[in-house]
Amino acid sequence: MRVGHGFDVHRLIKGRPLFLGGVEIPFEKGLEGHSDADVLLHAVCDAILGAAGKGDIGIHFPDTDPAYKNIYSIELLKETWKIVRPHYSSIINIDTTIFAEAPKISPYADKMKDKIASALSIYSDQVNIKATTTEGLGFIGRKDGIAAMCVVLID
């Protein structure tokens, strides 16, 4: 068994949809990035790649490659598992935390779990989604960005 950790952060900007965990969330701002900038899925990808010793999301899906421009990050997650699956047969569990002052994450957490589980061909109860604020502190507290972290156990 191997453990991997992932972290990602993106700036919130007007004029883009907000995607978290593969779910579009109604909000006045979205995350800036080359892809759909889904910080949660990017952290999950990095955790899976890290557990397998396969680098990080930037190595496999560089933001300089036009093929990934505005790509739905659930596709990156599926591709990440295709990279790792030949070497590690199963994901034991995924534990995530989203750092955001707004929007509220809890109404969307179950749908996020289902999206992630479906992309990885695992059960929803193997995925945990948590969220917290930074109590108004820093760029997250000012609602300038959202961050996410993930820990994954693979076998």
Side-chain angles (χ1 to χ4, degrees), residues 1-12 16-27 29-63 68 70-135 139-140 143 145-155:
M1 287 203 258
R2 294 181 54 133
V3 175
H5 177 263
F7 176 83
D8 196 32
V9 62
H10 284 273
R11 179 186 321 273
L12 280 164
R16 283 197 61 150
L18 176 61
F19 286 95
L20 290 171
V23 176
E24 187 171 357
I25 297 174
F27 195 58
K29 295 179 182 177
L31 293 166
E32 183 178 36
H34 185 69
S35 67
D36 65 3
D38 188 324
V39 293
L40 182 60
L41 293 183
H42 294 181
V44 174
C45 288
D46 270 348
I48 292 169
L49 290 165
K54 299 288 183 189
D56 62 37
I57 194 171
I59 291 170
H60 296 279
F61 315 108
D63 64 6
Y68 304 116
N70 294 319
I71 194 169
Y72 188 41
S73 292
I74 207 82
E75 297 305 319
L76 299 179
L77 182 59
K78 290 174 186 176
E79 289 302 311
T80 295
W81 188 229
K82 284 181 186 176
I83 293 165
V84 173
R85 179 111 167 90
H87 309 283
Y88 297 92
S89 61
S90 63
I91 294 173
I92 307 302
N93 75 304
I94 295 171
D95 188 30
T96 69
T97 305
I98 300 168
F99 301 86
E101 288 298 315
K104 290 289 186 191
I105 303 303
S106 59
Y108 308 98
D110 284 342
K111 193 168 181 182
M112 290 178 198
K113 288 172 60 170
D114 291 344
K115 287 270 193 176
I116 293 168
S118 177
L120 298 171
S121 299
I122 61 176
Y123 297 107
S124 292
D125 67 358
Q126 291 173 267
V127 181
N128 190 47
I129 308 284
K130 302 183 300 292
T132 190
T133 69
T134 59
E135 302 293 333
F139 73 93
I140 293 171
K143 299 180 187 170
I146 295 176
M149 60 189 301
C150 174
V151 175
V152 64
L153 179 63
I154 63 175
D155 192 19

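A quick note: this is a predicted structure, and the numbers were derived from the prediction, not measured.
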_Under the criterion side chain to side chain contact (heavy atoms under 4.5 Å, CB included), I'd like the reasoning laid out for Asp38 against Leu77: C-alpha separation, chi angles, the key distance, then a yes or no._
CA-CA 11 Å; Asp38 188 324; Leu77 182 59; over 6 Å; no

Between [atom1] on residue [X] and [atom2] on residue [Y], distance to nearest 0.5 Å:
X: Leu76; Y: Ile71; atom1: CG; atom2: CD1; value: 4.5 Å
X: Phe99; Y: Thr133; atom1: CZ; atom2: OG1; value: 10.5 Å
X: Trp81; Y: Ile154; atom1: CH2; atom2: CD1; value: 6.0 Å
X: Ser106; Y: Ile129; atom1: OG; atom2: CD1; value: 12.0 Å
X: Glu24; Y: Tyr108; atom1: CD; atom2: OH; value: 10.0 Å
X: Asn70; Y: His34; atom1: CG; atom2: NE2; value: 7.5 Å

*Do Asp8 and His42 have a side chain donor and acceptor closer than 3.5 Å?*
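Looking only at side-chain atoms, His42 and Asp8 do form a donor-acceptor pair, the distance falling under 3.5 Å.
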
*Met112 side chain reached by Ile105 side chain, heavy atoms, under 4.5 Å*: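 A side-chain contact exists here, since the closest heavy-atom pair is under 4.5 Å.
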
*Ile48 and Tyr88, any side-chain heavy atoms less than 4.5 Å apart*: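 SC-SC contact between Tyr88 and Ile48 ruled out.
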
_Asn128 and Asn93: CA distance, side-chain angles, deciding distance, side chain to side chain contact (heavy atoms under 4.5 Å, CB included) verdict_ = CA-CA 8 Å; Asn128 190 47; Asn93 75 304; over 6 Å; no

Non-hydrogen atoms of [X] and [Y] that approach each other most closely:
X: Ala102; Y: Lys143; value: CB-CE, 4.1 Å
X: Ala100; Y: Ile146; value: CB-CG1, 3.9 Å
X: Leu18; Y: Lys29; value: CB-O, 3.5 Å
X: His60; Y: Lys54; value: NE2-O, 2.6 Å
X: Asp46; Y: Phe7; value: OD2-O, 3.9 Å
X: Ala43; Y: Ala148; value: CB-O, 3.7 Å

Is the backbone of [Y] close enough, under 3.5 Å, to the side chain of [X] for a donor and an acceptor to pair up by distance?
X: Glu75; Y: Tyr72; value: no
X: Asp114; Y: Ala117; value: no
X: Ser90; Y: Ile92; value: no

_Would you say NZ of Lys130 has more than 12 non-hydrogen atoms from neighbouring residues, nucleotides or ligands within 6.0 angstrom?_
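Yes.
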
_I'd like to know if Arg11 pairs up with Glu32 as an ion pair, taking the criterion as any Lys NZ or Arg NE/NH1/NH2 lying under 4.0 Å from an Asp or Glu carboxylate oxygen._
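Judged by the 4.0 Å cut-off on N to carboxylate O distance, Arg11 and Glu32 do form a salt bridge.
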
*Please name the residue in the list Leu40, Leu31, Asp36 that meets the side chain to side chain contact (heavy atoms under 4.5 Å, CB included) test with Phe19.*
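Answer after filtering Leu40, Leu31, Asp36: Asp36.
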
*Given side chain to side chain contact (heavy atoms under 4.5 Å, CB included), test Leu49 with Val84 step by step and report yes or no.*
CA-CA 7 Å; Leu49 290 165; Val84 173; 4.1 Å; yes

_Using side chain to side chain contact (heavy atoms under 4.5 Å, CB included), reason through Val152 and Val44 one step at a time and then give a plain yes or no._
CA-CA 8 Å; Val152 64; Val44 174; over 6 Å; no

